[in-house]
Protein chains: 2
Amino acid sequence: MKKLENEGRITVAKELKDILIKKGISPSYHRLKIYEYLMNNRIHPSADMIYADIIKLIPTLSKTTIYNTLKTFVGKGIVSSLTIEDNEIRYDADITFHAHFKCLNCNTVYDVGIDQLRSDKKLGMLKKIDGHLITEKHIYLKGICKKCQQH
Amino acid sequence: MKKLENEGRITVAKELKDILIKKGISPSYHRLKIYEYLMNNRIHPSADMIYADIIKLIPTLSKTTIYNTLKTFVGKGIVSSLTIEDNEIRYDADITFHAHFKCLNCNTVYDVGIDQLRSDKKLGMLKKIDGHLITEKHIYLKGICKKCQQH
DNA sequence: GTATCTGCAAAACATTTGCAATTCT
DNA sequence: AGAATTGCAAATGTTTTGCAGATAC
């Protein structure tokens, strides 16, 4: 829990607690710490990464609680889940629309602003972004299809 | 093995065999049938869906062969893998750049042309496409990051 | 006849579920 | 006390691995 800065401002536990309450999530100690971790560590961690770090703080923590909590957060819309990996789900407390870049060598997942994507006219032609060499591009949209809307 | 049409032309086994050979993949019967299945059934199937359908044709087929073959195909670049689901990998024989839409109700994965995406200026603002209602958007880029390029 | 391909069975994981124990009010 | 939260242990489901048998050239 070292890095408390977040885009120029300090994120204090009180503010995070209020976000949870506003979304109808009772701010238990575990939930607060998990949310705080996600807000302060923008590394798109997996459930296991979150567990490995927070257990240092809460020795009795179980992975079930991590999974329960993440499901609650995603369901309430304060955290989004990324399926950029093929074997595990990554989580992101930044719910604004942005793209992600995964390095196939070091497995780091970087944030990429959409404005940077639009500056280049054709996403299909894009070969590099933020200095990262692109070899694969995926656009996944989700929602309710035409058929299902008609019943 | 009913639908043999593919964008106006007939895909014959001979052509598919030649694609495999050209890519350095020995065209065994199993591989040919799996590739043929993917080319003729553009439904973005999972390994299990492919297995369930092809075992009707090859009763001795094993899932290991499905996984081995798909790994070979993806490695050689004639099939791409989609991580649009959070619990299984979907496969697509269409390796041209296009987006995918997954219905959260019926789980169908539709193709979406990128030209359709670009006609709308801002992907971030997009609410509907091909009549499908969009509630989630993900852009995943992969490759080698800036740091890893420098060694 | 040697290399490749296939398939069984078991293992390896991430995630989920059932239920009991704990905590909070 | 009663409801919500947590956690253990077992189950689930997908994908991987080791190895033996089958097949192909």
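Naming convention: chains lettered A, B, ... in sequence-line order (proteins, then strands); numbering from 1 in each chain.
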| Among the nucleotides C:dT6, C:dA14, D:dT5, which one has an atom lying closest to any side-chain atom of B:Asn68? | C:dT6
| Approximate separation, where rounding is to 0.5 Å, of A:His44 NE2 and A:Asp92 CG | 4.0 Å
| said: D:dG7, OP1 or OP2 - any side-chain N/O from A:His30 closer than 4.0 Å? | reply: yes
| said: For B:Phe97, does the six-membered ring have the charged nitrogen or CZ of A:Lys137 within the cation-pi criterion, i.e. under 6.0 angstrom from the centroid and within 45° of the normal? | reply: yes
| said: Check this for me: does the side-chain of A:Thr64 come within 3.5 Å of the base of D:dC8 through a donor and an acceptor? | reply: yes
| said: The side chain of B:Lys71 is closest to which nucleotide in this list: D:dT6, C:dT6, D:dT17? | reply: D:dT17
| said: Heavy atoms from C-beta onward define the side chain here; which of C:dT6, C:dT15, D:dG7 lies closest to that of A:Glu88? | reply: C:dT15
| request: Between C:dG7, D:dT15, D:dT6, spot the one nearest the side chain of B:Ala47, thanks. | output: D:dT15
| Nucleotide of D:dG7, C:dT15, C:dT6 approaching A:Ile89 most closely (side-chain heavy atoms) | C:dT15
| note | Rounded to whole Å, the CG-C1' distance (B:Asp86 to C:dT15) equals 9 Å
| field | A:Tyr67, nearest nucleotide to its side chain (from D:dT16, C:dT6, C:dT15) | value | C:dT15
| task | Find the distance A:Tyr51:OH to C:dT15:C1' and express it as a whole number of Å. | result | 15 Å
| said: In this structure, how many angstroms lie between the P atom of D:dT14 and the CG atom of A:Asn87, rounded? | reply: 15 Å
| query | Separation of B:Ile58 atom CD1 from D:dA22 atom P, in whole Å? | reply | 18 Å
| message | If only side-chain N and O atoms count, and only distance matters, is there a donor-acceptor pair under 3.5 Å linking A:Asp130 with A:Tyr110? | response | no
| query | Do you know the tightest heavy-atom contact between B:Ile66 and B:Ala47? | reply | CG2-O, 3.7 Å
| said: Distance check needed: D:dT5 C1' versus A:Lys63 NZ, whole Å only. | reply: 20 Å
| request: Give the rounded distance in Å between these two atoms: CD1 of A:Ile25 and P of D:dT5. | output: 10 Å
| task | Classify the nucleic acid contact of B:Ser26 as base, sugar-phosphate or nothing, counting any heavy atom under 4.0 Å across all strands shown. | result | sugar-phosphate
| request: To the nearest Å, give me how far apart CD1 (B:Ile54) and P (C:dG7) are. | output: 12 Å
| query | Quick one: do the A:Ser46 and A:Asp48 side chains pair a donor with an acceptor below 3.5 Å? | reply | no
| message | Checking contacts here: which listed nucleotide (D:dT15, C:dG7, D:dT6) is nearest the side-chain heavy atoms of A:Arg31? | response | D:dT6
| Can you tell me how far C1' of C:dC5 sits from CZ of B:Phe73, to the nearest Å? | 13 Å
| request: Kindly say if A:Ser28 contacts the phosphate of D:dT6, meaning a side-chain N or O under 4.0 Å from OP1 or OP2. | output: yes
